[in-house]
Amino acid sequence: MSCNYAEGLSAYDDKGVLGAPETFDSDDVVTGKCQELVELIKKSGHVVLHTGAGISTSAGIPDFRGPKGVWTLEEKGEKPDFNVSFDEAKPTKTHMAIIALLESGYVQYVVSQNIDGLHLKSGLDRKFLSELHGNIYIEQCKKCRRQFVRSTAVETVGQKSLGRPCKSSLESKGRSCRSGILYDNVLDWEHDLPEKDLEMGLMHSTIADLNVALGTTLQIVPSGDLPLKNLKRGGKLVICNLQPTKHDKKANLIISSYVDVVLSKVCKLLGVEIPEYSESTDPTKLPSPNEWTIPMSDVNNFHKHYKTRVKESKIESKAKKIKYV
């Protein structure tokens, strides 16, 4: 459960602003802003979504800093009154809408702070996803660093030993790892972010024409600062959240509504059908040890594209300065 995950973390006082009041745009305003978002998406060649705990609350998983969030209530000595187990939780309308937007080419990448595994369960391909804080359904070998999908939520958090050997010997891809031990890959406060996930997230965010923050107050760094990385290149920032965020003043558009409502409207306006969740595309339901590692070749190949895009934007920026001197 989300509460158990929070309780498993080490003590940390600076959890940011907790319990800020939520605000809701009217239905007409939300509809108008969704149309604005659709126009921004259509004008963008590279769209990156940044997802936080707010996209999973409709699955029964509490957020952390909302009025009824885990840490907000913790300060009062209380616990959330809704809190399904991670194994019971299913991907939300937002998770499935993201799949549809990726498959239709309107979105190119997702950067997530969530550890709940719902992006994984939705069938989102690893090549489109950076998981900055880990995943409760992933175990990682301490020796070879390969990651594998579990069928149930991991028993520990904080990158602790699971006492089981690396699964590489059970599957045919790649070389078998000898003497490697599996650990959970859910970060605690003091841990560094996973290098490949962070690098891919940073590169995609920097070259994005449009970064869209969904269900996050953007308080935790560095993940909360990634949506700003495209602004110097003339990129746009859209925030969809019920509470005020750390970067509202820098946003081109703010939508105060439930993320499920926003993405449902966006998909309808784009003519994109949102699929239903299916166990047949959920890696946690498959019998074989599915690998979840980001191949280093993917990072290196995208780095070439990233350097080209950054170089082109510098040349374009320089040309504009010369033009108006």
Side-chain angles (χ1 to χ4, degrees), residues 1-16 50-53 56 61-65 70-71 74 85-87 89 110-121 124 126 129-171 174-202 216 219-226 283-284 289-296 298-299:
M1 293 187 294
S2 180
C3 289
N4 291 346
Y5 155 67
E7 291 170 356
L9 298 174
S10 58
Y12 189 75
D13 293 330
D14 187 14
K15 295 186 174 75
H50 299 258
T51 63
S56 298
I61 298 175
D63 61 23
F64 297 98
R65 298 177 181 83
V70 174
W71 291 330
E74 180 184 71
S85 71
F86 285 119
D87 290 337
V110 179
V111 181
S112 185
Q113 304 172 46
N114 297 342
I115 58 89
D116 55 37
L118 293 184
H119 281 308
L120 166 70
K121 288 184 176 183
L124 180 55
R126 184 64 159 121
L129 176 65
S130 281
E131 294 183 310
L132 300 182
H133 299 159
N135 185 327
I136 206 81
Y137 283 92
I138 300 300
E139 44 198 12
Q140 179 169 297
C141 177
K142 189 81 169 181
K143 184 178 180 181
C144 70
R145 311 302 296 172
R146 292 170 70 183
Q147 297 178 339
F148 301 92
V149 178
R150 294 169 52 90
S151 60
T152 58
V154 74
E155 302 93 345
T156 63
V157 299
Q159 299 182 341
K160 297 181 178 68
S161 173
L162 300 175
R164 294 195 300 276
C166 179
K167 289 182 177 179
S168 62
S169 61
L170 302 177
E171 51 93 59
R175 299 179 63 180
S176 176
C177 172
R178 296 183 180 181
S179 71
I181 300 298
L182 294 172
Y183 283 64
D184 76 76
N185 89 322
V186 180
L187 273 61
D188 206 336
W189 294 105
E190 70 272 15
H191 292 135
D192 293 330
L193 270 61
E195 185 176 344
K196 287 188 285 188
D197 289 88
L198 179 57
E199 185 172 0
M200 289 292 282
L202 176 59
T216 169
Q219 294 189 57
I220 297 296
V221 295
S223 57
D225 290 339
L226 291 183
T284 70
N290 295 282
E291 189 163 352
W292 193 243
T293 314
I294 296 179
M296 198 63 217
D298 285 3
V299 179

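If you're wondering where the values come from, they're calculated on a predicted model, not measured in any experiment.
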Item to check | Beyond-backbone contact of His133 with Val186, side-chain heavy atoms, under 4.5 angstrom | outcome: no
Checklist entry - Do Lys196 and Thr293 come close enough that some side-chain heavy atom pair is under 4.5 Å? => result yes
Checklist entry - Of the non-hydrogen atoms in Pro283 and Asn290, which two are nearest, and what is the gap between them? => result O-ND2, 3.7 Å
Checklist entry - Please walk me through it: do Arg150 and Asp184 pass salt bridge (Lys or Arg N to Asp or Glu O under 4.0 Å)? => result CA-CA 10 Å; Arg150 294 169 52 90; Asp184 76 76; over 6 Å; no
Next on the checklist: Once rounded to the nearest 0.5 Å, what's the spacing between atom CG of Asp192 and atom CG of Leu198?
Outcome noted: 9.5 Å
Checklist entry - Does a side chain donor of either Thr152 or Asp87 reach within less than 3.5 Å of an acceptor in the other side chain? => result no
Next on the checklist: One pair to check against side-chain contact (heavy atoms from CB on, under 4.5 Å): Ile181 and Lys143. What are the steps and the verdict?
Outcome noted: CA-CA 7 Å; Ile181 300 298; Lys143 184 178 180 181; over 6 Å; no
Checklist outcome for this item: For Leu118 and Ser56 the tightest heavy-atom approach is CD1-OG, 3.6 Å
Checklist entry - Should we say atom CD of Glu155 is surrounded by more than 12 heavy atoms from elsewhere, each under 6.0 Å from it? => result yes
Item to check | Member of Arg146, Lys167, Gln147 meeting the side-chain hydrogen bond (donor to acceptor under 3.5 Å, both in side chains) criterion with Glu291 | outcome: Arg146
Checklist entry - Can you name the closest pair of heavy atoms from Pro194 and Leu132 and give their distance? => result CD-O, 3.2 Å
Next on the checklist: Taking salt bridge (Lys or Arg N to Asp or Glu O under 4.0 Å) as the definition, give me every residue that meets it alongside Arg164, ordered by chain and number, with sequence neighbours left out.
Outcome noted: Glu139
Next on the checklist: Determine whether a donor-acceptor pair (N or O, by modelled atom type, separation under 3.5 Å) exists between the side chain of Ser168 and the backbone of Cys177.
Outcome noted: yes
Checklist entry - Distance from Ile294 atom CD1 to Glu195 atom CD, nearest 0.5 Å? => result 11.0 Å
Checklist entry - If we only count heavy atoms from C-beta on, is the Trp292 to Leu129 side-chain gap below 4.5 Å? => result yes
Checklist entry - Gln113 versus His50: any side-chain heavy-atom pair under 4.5 Å? => result no
Checklist entry - Can you tell me how far the CG atom of Leu187 sits from the CG atom of Asp197, to the nearest 0.5 Å? => result 9.5 Å
Item to check | Close side-chain approach of Cys166 and Phe148, heavy atoms under 4.5 Å | outcome: yes
Item to check | Within-4.5 Å side-chain heavy-atom neighbours: His191 and Gln159 | outcome: yes
Next on the checklist: Quick one, Val111 with Thr51, criterion side-chain contact (heavy atoms from CB on, under 4.5 Å). Give me CA distance, side-chain angles, the key distance, then yes/no.
Outcome noted: CA-CA 6 Å; Val111 181; Thr51 63; over 6 Å; no
Next on the checklist: Quick one, Val157 and Asp188 - any side-chain contact, counting heavy atoms below 4.5 Å?
Outcome noted: no
Item to check | Side-chain heavy atoms of Val299 within contact of Met296, under 4.5 Å | outcome: yes
Checklist entry - For Asn114, what residues pass the side chain to side chain donor-acceptor pair (under 3.5 Å) criterion, not counting sequence neighbours? => result none
Checklist outcome for this item: Scanning both residues in full, the closest heavy-atom pair of Ile61 with Ala89 reads CD1-CB, 3.8 Å
Next on the checklist: Can a side-chain donor-acceptor contact be found between Tyr137 and Asn185 if the only test is distance below 3.5 angstrom?
Outcome noted: no
Item to check | Trace of the side-chain contact (heavy atoms from CB on, under 4.5 Å) decision for Asp116 with Ile136 | outcome: CA-CA 6 Å; Asp116 55 37; Ile136 206 81; 5.5 Å; no
Checklist outcome for this item: Tightest non-hydrogen contact, residues Ser130 and Met200, listed as OG-CB, 3.6 Å
Next on the checklist: Quick check: closest heavy atoms across Pro165 and Leu182, and the distance to 0.1 Å?
Outcome noted: O-CD1, 3.3 Å
